[in-house]
K.L.:
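Pasting in a structure now, in structure tokens, and then I'll have a few things to ask.
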Amino acid sequence: MAEDPYEVGRGGSRAFWADSVADAIEARDPDEPIVIKGGVSPSGVPHIGHFNEIMRGYYVAEALRDRGHEVRQVFTADDKDRLRAVPRQLADLDWNVVGLGEVDAGALGRNLGKPYTDIPDPFGCCDSYGAHFTTLLRKSAELVGVDVEFVSNTELYADGEFEPVTRRVLERADRARDVLAEYQNKVDDDYVPFLPQCADCGKITEGVTAVDLDAGEVEYVCEDVEAGDQTIEGCGHEGTATLRDGKLPWRFEWPAQWEILGVDFEPFGKDHAEGSWPSGEDVAENVLDIQPPVPMVYEWFTLDGEPLSSSSGNVITVDEVLDILEPEVFKYFFVKDPRKQRDFSVENVDQLVDEFDRFERRYFGDADGSEDEVELAERAYPMVVDEPSEEQVRIPYTFAAVLGMTDDPEQREQIARKEGHIPDDAPDWAVEQALARVERAQEWASLTNNEFNYELKRAEMPDVSFDDATAAALDELADFIAEGHDGEAIQSEIYETAKRNDIDISEFFSAGYRLLFDDTEGPQLGTFIAKLDREFVVERFRRNE
RNA sequence: GGGCCGGUAGCUCAGUUAGGCAGAGCGUCUGGCUUUUAACCAGAUGGUCGGGGGUUCAACUCCCUCCCGGCCCGCCA
């Protein structure tokens, strides 16, 4: 019965992995609605790696819906987990990442060991620490337009949803011990699969001393808890807790969630593949007597070649990604094979966009591709955009970055049209959307400070000097510009002026770029100059300001 | 140390399920646009499929082994 989470969705003849997974789910003939789950602990700033928990399930949900199934995609905020370490970075609800110094770190430290939902929000805006970071995750989903049902684990406990399954686990404590002991050395004869919350200090503790299932209570001592390389001190309080005043240990809680929510499919990161999944599957089948969901492992992302890591600060949030990418491009990133380690490279993000543009054109039959590539586009593209339209216009990303050189929207549009990136018959909405990419590409150029990061140095002249011949040529060119000519004429004259003064043409172009951008490259100079106000350019080329 | 996943052109990635000519885009180079930047058009360039061994008529694909990266093998989630 054991299911290899690395094998599900692999093989078969499907071009889109989500369809292979959907096949595996359908093969079980599940009850409707089919339930797909994901979940994370709201422990800190959510990054794009966490987003796998939403997006991988999303595509499977869409594939099933497309086949006529009713699907419920739920996401559990595992917010009854205890805070185990104070994170180095936090983020407010506007995604401003701040260091610990800017909030009350001491207050956080005193709350180690408590459930996230019992810790005050460091920013004071949400009901709790847990609610704060769950809100950020929910906002991420909204930003990319994925509709997921959020469920708070704390609320499931508070509402008594966990009580029957918790009771059952405790009734079968012997079996639970036997099963878990195969995966964890710590489990001995005294192990109790329940973690009460101390009535006095509020921490999740482990010191259960007695279980009274008739009364639905456990007795406990609030002991010290090992967390990583540190110890969270217990308060020593001795008390009694109901089955709602605490939680199941993770290895039981996960399968319990499957039971409560009726989960049919759950994707999870590679970190769960060797530990939590085998034990969870075992617990489900041999302790809870339920069928575990169809599993799937996804590989982790790296960011610019380095592991995503909240503790080291190597993170990028969904919000930050959407500064440089359209939501549909970001969604496309998750269309790609989940089983490959994948780098999200900010520097090379133009390649991802190019790839998406081709993917989109394939859907409309306007681009070549292998049979699989075409099938993938036909299948996945409608899940990536809300309303596919053949009239959609995309300006190539790097060209959009070039257009970012000017702030004038009309000039951007004119140049894009002239270069054939906007068809004459494009509807207004498509033109608007196409040009919206310029803002993102410009942000990208500025963020990476790459070769597209042109900035007109209008306020003051860059510190430059020229030889006599170049200086003379610049004066001549300034005179010509002062006469008032169109872009092409100016472009022509740049060549002529350089020839007349016997200076290298590319050197002369560079001189112009240095004066305007403090750079050696830039947009097509003549047409660009023609768009600027004449007085400014003339004065600048005469090196007067 | 043991297990699992990944490694394909300078870059980003398809292809490995079921063995059958090593692929795409970008980049680079050359040429074109009566104008050597950007863009655009045409052509060219590009490979130890991580290394080695084996099976086979035939291996990126299957088997063995080694290297590199990541994850798990304590706790926690």
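Note that the structure is predicted; figures quoted are calculated from it, not measured. A, B, ... follow the sequence lines: proteins, then strands. Residue 1 opens every chain.
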K.L.:
Do A:Glu493 and A:Leu477 have side chains that approach each other closer than 4.5 Å (heavy atoms only, starting at C-beta)?
P.N.:
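In short, these two side chains touch, coming nearer than 4.5 Å.
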
K.L.:
Could you check how far NE2 of A:His421 sits from P of B:rA39, rounded to whole Å?
P.N.:
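That distance rounds to 9 Å.
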
K.L.:
Quantified in whole Å, what is the C1' atom distance between nucleotide B:rG54 and nucleotide B:rG43?
P.N.:
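B:rG54 and B:rG43 have their C1' atoms separated by 43 Å.
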
K.L.:
How long is the line joining CD1 of A:Ile395 and C1' of B:rC40, in whole Å?
P.N.:
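It works out to 15 Å between those atoms.
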
K.L.:
Taking A:Lys37 as the fixed residue, which of A:Glu266, A:Glu53, A:Glu259 is the one that meets the salt bridge (charged side-chain N to carboxylate O under 4.0 Å, His left out) rule?
P.N.:
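It is A:Glu266, the one option of A:Glu266, A:Glu53, A:Glu259 that forms the salt bridge (charged side-chain N to carboxylate O under 4.0 Å, His left out) with A:Lys37.
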
K.L.:
Does A:Gln351 have a side-chain nitrogen or oxygen under 4.0 Å from the phosphate oxygens OP1 or OP2 of B:rG27?
P.N.:
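The answer is no; no side-chain N or O of A:Gln351 sits under 4.0 Å from OP1 or OP2.
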
K.L.:
In the strands shown, is B:rA42 matched to any nucleotide by a Watson-Crick or G-U wobble pair with both distances under 3.5 Å, and which?
P.N.:
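Pair assignment: B:rA42 / B:rU30.
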
K.L.:
A:Tyr495 side chain N/O closer than 4.0 Å to the phosphate oxygens (OP1, OP2) of B:rU36?
P.N.:
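A:Tyr495 to B:rU36 OP1/OP2: side-chain N or O found under 4.0 Å.
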
K.L.:
Is any side-chain nitrogen or oxygen of A:Asn348 closer than 4.0 Å to OP1 or OP2 of B:rC11?
P.N.:
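No, no such contact exists.
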
K.L.:
Given the C1' atoms of B:rU17 and B:rC60, what is the spacing between them in whole Å?
P.N.:
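Rounded to whole Å, the distance is 14 Å.
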
K.L.:
Less than 6.0 angstrom separating the ring centers of A:Phe359 and A:Tyr363, yes or no?
P.N.:
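A:Phe359 vs A:Tyr363: aromatic centres not under 6.0 Å.
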
K.L.:
Using a heavy-atom cut-off of 4.0 Å across all strands, would you classify A:Gln184 as base, sugar-phosphate, or nothing?
P.N.:
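Sugar-phosphate, no base atom in range.
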
K.L.:
When the P atoms of B:rC41 and B:rC5 are considered, how many whole Å apart are they?
P.N.:
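Straight-line distance between the two P atoms is 44 Å.
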
K.L.:
By nearest atom, which of the nucleotides B:rA14, B:rU37, B:rC26 is closest to the A:Phe509 side chain?
P.N.:
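So the nucleotide nearest the side chain must be B:rU37.
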
K.L.:
Measure from CH2 on A:Trp277 to P on B:rC73 and round the result to the nearest Å.
P.N.:
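Roughly 17 Å, once rounded to whole Å.
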
K.L.:
Under the 6.0 Å and 45° cation-pi test, does A:Arg138 pair with A:Phe150?
P.N.:
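Ring-cation test returns yes.
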
K.L.:
How do A:Val187 and A:Arg362 order along RNA chain B: which one's closest nucleotide is nearer the 5' end?
P.N.:
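Nearest-nucleotide comparison on RNA chain B picks A:Arg362.
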
K.L.:
Is it the case that the side chains of A:Asp79 and A:Ser152 hold a donor-acceptor pair, with the cut-off being a distance below 3.5 Å and no angle test?
P.N.:
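Yes, a side-chain donor-acceptor pair sits under 3.5 Å.
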
K.L.:
Would A:Phe509 and A:Tyr495 count as a ring-ring contact (aromatic ring centres under 6.0 Å, His included) here? Give the steps.
P.N.:
CA-CA 9 Å; A:Phe509 271 102; A:Tyr495 285 89; 5.3 Å; yes

K.L.:
Do the side chains of A:Leu137 and A:Phe75 get nearer than 4.5 Å, heavy atoms only?
P.N.:
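In short, these two side chains touch, coming nearer than 4.5 Å.
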
K.L.:
How about A:Phe301 and A:Phe333: are their ring centres within less than 6.0 Å of each other?
P.N.:
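Aromatic pair counts; centres sit under 6.0 Å.
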
K.L.:
B:rA14 phosphate, OP1 or OP2: any side-chain N/O from A:Arg342 under 4.0 angstrom?
P.N.:
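True: A:Arg342 side-chain N/O within range (under 4.0 Å) of B:rA14 OP1/OP2.
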
K.L.:
With no hydrogens and no angle check, is any side-chain donor or acceptor of A:Tyr381 less than 3.5 Å from a backbone partner on A:Arg361?
P.N.:
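No; judged by distance alone, with no hydrogens or angles, the pair does not exist.
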
K.L.:
For atom C1', what is the distance between B:rU8 and B:rC49, given to the nearest Å?
P.N.:
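These two C1' atoms come out 4 Å apart once rounded.
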
K.L.:
For atom C1', what is the distance between B:rU61 and B:rG70, given to the nearest Å?
P.N.:
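The answer is 23 Å between these two C1' atoms.
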
K.L.:
Rounding to the closest angstrom, what is the interatomic distance between B:rG23 and B:rC63 at atom P?
P.N.:
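25 Å, rounded to whole Å.
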
K.L.:
Under 4.0 Å, heavy atoms only, any strand: does A:Gln491 hit a base, just the sugar-phosphate, or nothing?
P.N.:
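Counting heavy atoms under 4.0 Å across all strands, the contact made by A:Gln491 includes a base.
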
K.L.:
For B:rG1, which nucleotide in any strand shown is its Watson-Crick or wobble partner with both distances under 3.5 Å?
P.N.:
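B:rC73 is the nucleotide pairing with B:rG1.
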
K.L.:
Rounding to a whole Å, what distance do you find between A:Asp271:CG and B:rC5:P?
P.N.:
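These atoms are roughly 16 Å apart.
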
K.L.:
Taking the same atom, P, in B:rU55 and in B:rA18, what whole-Å distance lies between them?
P.N.:
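After rounding to an integer number of Å, I get 23 Å for this pair.
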
K.L.:
Of the nucleotides B:rA14, B:rC4, B:rG70, which one has an atom closest to the side chain of A:Lys336?
P.N.:
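For the A:Lys336 side chain, the nearest candidate turns out to be B:rA14.
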
K.L.:
With a 3.5 Å cut-off and heavy atoms only, can you find an N or O donor on one side and an acceptor on the other between the side chain of A:Thr398 and the base of B:rA38?
P.N.:
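There is none.
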
K.L.:
Check if the side chain of A:Arg84 and the base of B:rC75 share a donor-acceptor pair of N or O atoms closer than 3.5 Å.
P.N.:
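Check passes, donor-acceptor contact within cut-off.
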
K.L.:
Counting side-chain heavy atoms from CB outward, which of B:rG70, B:rA14, B:rA77 is closest to A:Lys270?
P.N.:
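Closest of the options to the side chain of A:Lys270: B:rG70.
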
K.L.:
Grab the CZ-C1' distance between A:Phe16 and B:rG15 for me, whole Å please.
P.N.:
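Interatomic distance, CZ of A:Phe16 to C1' of B:rG15: 18 Å.
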
K.L.:
Can you tell which of B:rC72, B:rG6, B:rA77 lies closest to the side chain of A:Glu274?
P.N.:
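Nucleotide nearest to A:Glu274's side chain: B:rC72.
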
K.L.:
Could you check which nucleotide pairs with B:rG6 in any of the strands shown, counting Watson-Crick or G-U wobble with both distances under 3.5 Å?
P.N.:
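Paired with B:rG6, as far as the under-3.5 Å criterion goes, is B:rC68.
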
K.L.:
Both A:Leu525 and A:Tyr183 contact RNA chain B. Taking the nearest nucleotide for each, which residue is further toward the 5' end?
P.N.:
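It is A:Leu525, whose closest nucleotide lies nearer the 5' terminus.
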
K.L.:
Expressed in angstrom and rounded to an integer, what is the separation of A:Leu180 atom CG from B:rA77 atom P?
P.N.:
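It works out to 11 Å between those atoms.
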
K.L.:
When we call it a touch if two heavy atoms are under 4.0 Å apart, what does A:Ser345 touch: a base, just sugar-phosphate, or nothing?
P.N.:
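Here A:Ser345 touches no strand at all.
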
K.L.:
Under a 3.5 Å cut-off for both contacts, is B:rC62 paired Watson-Crick or G-U wobble with anything, and if yes, with which nucleotide?
P.N.:
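B:rG54 is the nucleotide pairing with B:rC62.
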
K.L.:
Any side-chain N or O of A:Lys247 below 4.0 angstrom from OP1/OP2 of B:rA77?
P.N.:
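Checking A:Lys247 against B:rA77: at least one side-chain N or O falls below 4.0 Å of OP1 or OP2.
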
K.L.:
Without decimals, in angstroms, what is the distance between A:Asp366 CG and B:rG25 P?
P.N.:
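For the pair A:Asp366 CG and B:rG25 P, the rounded distance is 16 Å.
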
K.L.:
At under 4.0 Å between heavy atoms, what does A:Ser41 touch on the DNA or RNA strands: base, sugar-phosphate, or nothing?
P.N.:
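Result for A:Ser41 = sugar-phosphate.
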
K.L.:
Hey, does the side chain of A:Lys340 come within less than 4.0 Å of B:rG7's phosphate (OP1/OP2), counting only N and O?
P.N.:
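Answer yes for this pair, as a side-chain N or O of A:Lys340 is under 4.0 Å from OP1 or OP2.
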
K.L.:
Please report the distance, rounded to the nearest Å, between CD in A:Glu375 and C1' in B:rA14.
P.N.:
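Going from CD in A:Glu375 over to C1' in B:rA14 covers 14 Å.
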
K.L.:
Looking only at atom P, what distance separates B:rA44 and B:rU35, rounded to whole Å?
P.N.:
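Per the computed distance, 26 Å lies between those P atoms.
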
K.L.:
Which nucleotide, B:rA14, B:rA77, B:rG74, lies nearest any side-chain atom of A:Leu195?
P.N.:
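Side chain of A:Leu195 sits closest to B:rA77.
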
K.L.:
What is the nucleic acid contact for A:Trp250, judged by heavy atoms within less than 4.0 Å: base, sugar-phosphate only, or nothing?
P.N.:
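Base contact.
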
K.L.:
Using a heavy-atom cut-off of 4.0 Å across all strands, would you classify A:Arg251 as base, sugar-phosphate, or nothing?
P.N.:
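Since a base atom lies under 4.0 Å of A:Arg251, the category is base.
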
